[in-house]
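In what follows, a structure is listed as structure tokens, so that the remarks can point back to it.
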Amino acid sequence: MNDARRARYTHGHHESVLRSHQRRTAEDSAGYLLPWLRPGLAVLDVGCGPGTITADIAALVMPGSVTAIDQSADVLDDARAEARRRNLSNVSFAVADVDRLDVPDDAFDVVHAHQVLQHVTDPVQALREMRRVCKPGGIVAARDADYSGFVWYPMLSDLDAWRDIYQRAARANGGEPDAGRRLLSWALAAGFDDVTPSGTLWCYATPESRQWWGGMWADRILHSSIADDAVRLGLATTARLEEISAAWRRWAAAPDGWFGIPHGEIICRA
């Protein structure tokens, strides 16, 4: 994605975004992939972000190697710091775009992307490129959320507005926020004929998880790239975003608050 087809990353890398991404683990974000990982494999982690999932994978495949890529050089600094913190020497990092990888054919046993395909302009081409760099018989794995499938209680109208703003901004930026339900379709269009689809749910309903998720979004809708995009695109005023932020805090404080995020997943045999 080095030309005009490159999508704009809707979330950006504000502290509120990293607060969310740095909490992710291979267990809660790549559980469908874990049975396929074993020591000695070579893995490409696409869109690694701050690297917490990457580090978990690196520990599982050691003495194999993990190559972690992201579009953002700054967030790769966070990923390098995570690898150093865990004393992992089998991870390397590079700035790269998924649909034009500077990697030879058949280079990796596993190619993994978490919450990436929803942010690219041509996810089918991205999957083709992931297949190209995967060894014959290897695994291409992807997991993405599906925003239209998000469900919550209490049913606050301001959160409906939040989702609408996010979806419209993401599509204006060249992405597809309802990627989860499309992963199987995209994989088939990319030429895979051996695809195992699945789905899992993130759930925030305990007092601790509500405070974390609601507080994170209360900050993100005011201070991250999504806030800038909402105003720039004429989707909301700053005052409206402040109302939505307050609604997130009301949801987080509700003793019966519940939030579910469905994800699509695919395991593709190369």
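Here, residue 1 is the first one in the sequence, and each next residue gets the next number. Remember, predicted model here, so these are calculated numbers, not experimental data. Quick note: numbers below take in every heavy atom, side chains included, and nothing from hydrogens, waters or symmetry partners.
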Residue pairs meeting salt bridge (charged side-chain N to carboxylate O under 4.0 Å, His left out), one or both in residues 253-270, sequence neighbours left out, come to R143-E265
Would you mind checking if E176 and R182 are paired as a salt bridge, meaning a charged N to carboxylate O distance below 4.0 Å? yes
Here the pair of heavy atoms bringing M130 nearest to A113 is CE-CB, 3.8 Å
In H21, H13, R19, the residue satisfying side-chain contact (heavy atoms from CB on, under 4.5 Å) with P50 is H21
From the list I53, I69, L76, side-chain contact (heavy atoms from CB on, under 4.5 Å) with C48 holds only for L76
Quiz item: Should D56 and R86 count as an ion pair when the cut-off is N to O under 4.0 Å?
Solution: yes
Across all chains, not counting sequence neighbours, the salt bridge (charged side-chain N to carboxylate O under 4.0 Å, His left out) partners of R24 are none
Is there a ring-ring contact (aromatic ring centres under 6.0 Å, His included) between H11 and H119? Walk through the geometry before answering. CA-CA 9 Å; H11 291 291; H119 297 296; 5.3 Å; yes
> Which of parallel (below 30°), tilted (30 to 60°) and perpendicular (above 60°) describes Y166 and Y147?
Replying inline: parallel
| Does a side-chain N-to-carboxylate-O contact under 4.0 Å join D229 and R232? | yes
Side chains of Q118 and Q115: donor-acceptor distance under 3.5 Å anywhere?
-> yes
Criterion ring-ring contact (aromatic ring centres under 6.0 Å, His included) on F259 and W251, from CA distance to verdict: CA-CA 9 Å; F259 205 103; W251 173 83; 5.7 Å; yes
If you measure from the Lys or Arg side-chain nitrogens to the Asp or Glu carboxylate oxygens, is any gap between K135 and D105 under 4.0 Å? no
Taken in chain and number order and not counting sequence neighbours, the residues that satisfy ring pair (Phe, Tyr, Trp, His ring centres under 6.0 Å) with W162 are W217, W248
In short, D158 meets A247 closest at the heavy-atom pair CB-CB, 3.4 Å
Residues R249, D219: salt bridge by 4.0 Å N-O rule: yes
*asked:* Is it the case that over 12 heavy atoms from other parts of the model lie below 6.0 angstrom from the CG atom of D102?
replied: no
Salt bridge or not between D106 and R131? Use side-chain N to carboxylate O under 4.0 Å.
no
